[in-house]
Amino acid sequence: MSATPKIYINGKYYDKPDAKISVYDHGLLYGDGVFEGIRIYNGTAFKLKEHVERLFESARSIKLEVPIAQPEMVKAINDTIAINNKRDGYIRPVVTRGAGSLGLDPRKCADPQVIIIVDDITMYPAELYETGMEIATVATIRNHPNATNPRIKSLNYLNNILAKIEGIQAGCLESLMLNHKGEIAECSGDNIFLVKHGVLRTPPIDAGILEGITRNTVIGLAKKAEITVEEIALTRHDVFVADECFLTGTAAEIIPVTKCDARTIGAGKPGPITRQLREAYHQLVRE
Ligand code: PXG
């Protein structure tokens, strides 16, 4: 990787200290925009097509017209990886509504900004992947799907950040969020899975969650390994009595959870199905 990351903004590359956009951008003023988080393994963006598709779906949902087409976005991302000579890392494409006048009206923003950052990310300390992590249920519920739909990966992450703050307050690096019905939704930046009697369970999309790309990959790997998968409404009780629990996310990959709300989950260490799926995932990303 070159000494200073080169950041893509609207087709041009800038050194990190010079990569700037307007303070009138509604992405900053109102969180009006969308983003993605993608991993680079061995110089290749993992599940790039899926991430770009989700980015464009998020944009469509908020009626934001991305100034470049999907194939151009794919190319811009690959070019930014190449120019940064990046073998392993993290990509952050962002599309903002652009600079406008003060006031919410998106019609006042004529110039959406396309930003691509290629850098590194570490979510959790490496030892937690071996020992398992502790999570806590927080009071802040996940956004109601009829308010800001969690399926939109928007620049409005306050719902998740508030949950993260509460988790940290409780001494946990990740926070379990319930939905408006009191069911398990997801964590602040990760999807959640449980194992009970050999069956893999995860909340359905209509629980009000982000349709995680790692989540979908893990479901596919489990099915391939002939593990039964159920997308089904779950409660905290299901977490407490689970045999195994783990979280999934592009940055986090697959991380075991061994404690929730001071209850030890299963044997209190990463379980066999979690370990099997982690191995399968690591193999897949290195292919
Ligand atoms: N749920 C939420 C709310 C997320 O934001 C996931 C689940 C996992 O989705 P993927 O598609 O990555 O399997 C996410 C992921 C970051 C960052 O800084 C990104 C996320 C979460 C936390 C940090 O890039 N998104």
Side-chain angles (χ1 to χ4, degrees), residues 5 7 27 31 33-41 45-58 61 77 80 88-95 115-124 133 135 138 140-145 147-168 172-179 183-193 202-222 231 234 245-255 257 277-278 280-282 284-285:
I7 318 288
V34 296
F35 77 105
E36 271 300 322
I38 310 165
R39 271 220 187 240
I40 312 164
Y41 297 102
F46 183 65
K47 300 275 175 191
L48 181 55
K49 187 169 158 280
E50 287 82 350
H51 282 284
V52 169
E53 246 167 49
R54 188 171 68 184
L55 181 71
F56 276 70
E57 286 183 4
S58 294
S61 187
I77 289 170
T80 311
D88 290 279
Y90 197 68
I91 313 158
R92 163 60 51 77
V94 182
V95 186
I115 301 160
I116 303 168
I117 302 168
V118 170
D119 212 320
D120 300 306
I121 194 165
T122 317
M123 284 293 272
Y124 304 118
M133 78 187 301
I135 61 174
V138 295
T140 300
I141 63 163
R142 193 72 176 99
N143 280 333
H144 192 291
T148 306
N149 196 318
R151 294 187 71 179
I152 305 166
K153 203 163 166 61
S154 83
L155 295 180
N156 260 282
Y157 252 53
L158 260 189
N159 180 227
N160 313 63
I161 290 164
L162 292 174
K164 181 90 180 177
I165 289 168
E166 288 177 73
I168 291 166
C172 294
L173 290 179
E174 187 51 294
S175 316
L176 181 56
M177 303 181 79
L178 308 178
N179 67 14
E183 301 159 349
I184 303 284
E186 61 181 331
C187 291
S188 71
D190 300 302
N191 292 113
I192 184 165
F193 283 82
T202 196
I205 303 307
D206 68 10
I209 62 171
L210 182 76
E211 186 173 354
I213 287 163
T214 318
R215 172 188 181 276
N216 289 349
T217 303
V218 165
I219 289 173
L221 288 171
E231 295 180 57
L234 297 165
C245 175
F246 62 84
L247 311 181
T248 65
T250 295
E253 301 179 305
I254 298 176
I255 184 156
V257 174
L277 290 170
R278 273 196 73 206
Y281 190 78
H282 286 146
L284 180 70
V285 302

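Nothing fancy with the numbering, it's 1 onward along the sequence. Note that ligands are numbered from 1 as they come in the structure, with each ligand's atoms numbered from 1 the same way. Values below: every heavy atom of this structure, side chains too, minus hydrogens, waters and symmetry copies.
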Taking all non-hydrogen atoms of both residues, which atom of Thr250 and which atom of Thr214 are closest, and how far apart? N-OG1, 3.1 Å
Tell me every residue that passes side chain to side chain donor-acceptor pair (under 3.5 Å) with Asn216, counting only those two or more places apart in sequence or in another chain. Glu211
Inspect the contact between Glu50 and Arg54 and indicate whether a charged nitrogen and a carboxylate oxygen are less than 4.0 angstrom apart. no
Per-pair distances, ligand 1 N/O vs protein N/O, less than 3.5 Å:
unit_1   : atom_1 : unit_2 : atom_2 : d
ligand 1 : 1 (N)  : Glu186 : OE1    : 2.6
ligand 1 : 5 (O)  : Lys153 : NZ     : 3.2
ligand 1 : 5 (O)  : Tyr157 : OH     : 2.4
ligand 1 : 11 (O) : Arg54  : NH1    : 2.8
ligand 1 : 11 (O) : Arg54  : NH2    : 2.9
ligand 1 : 11 (O) : Ile213 : N      : 2.7
ligand 1 : 12 (O) : Thr250 : N      : 2.9
ligand 1 : 12 (O) : Thr250 : OG1    : 2.6
ligand 1 : 13 (O) : Ile213 : N      : 3.3
ligand 1 : 13 (O) : Thr214 : N      : 2.9
ligand 1 : 13 (O) : Thr214 : OG1    : 2.6
ligand 1 : 18 (O) : Arg92  : NH2    : 2.8
ligand 1 : 24 (O) : Tyr90  : OH     : 2.4
ligand 1 : 24 (O) : Arg92  : NH2    : 2.1
ligand 1 : 25 (N) : Lys153 : NZ     : 2.5

Which residues pass the side chain to side chain donor-acceptor pair (under 3.5 Å) test with Lys153, not counting sequence neighbours? Tyr157
Any salt bridge between Lys47 and Glu36, counting N to O under 4.0 Å? no
Can you list everything that forms a side chain to side chain donor-acceptor pair (under 3.5 Å) with Thr202? Sequence neighbours excluded, please. none
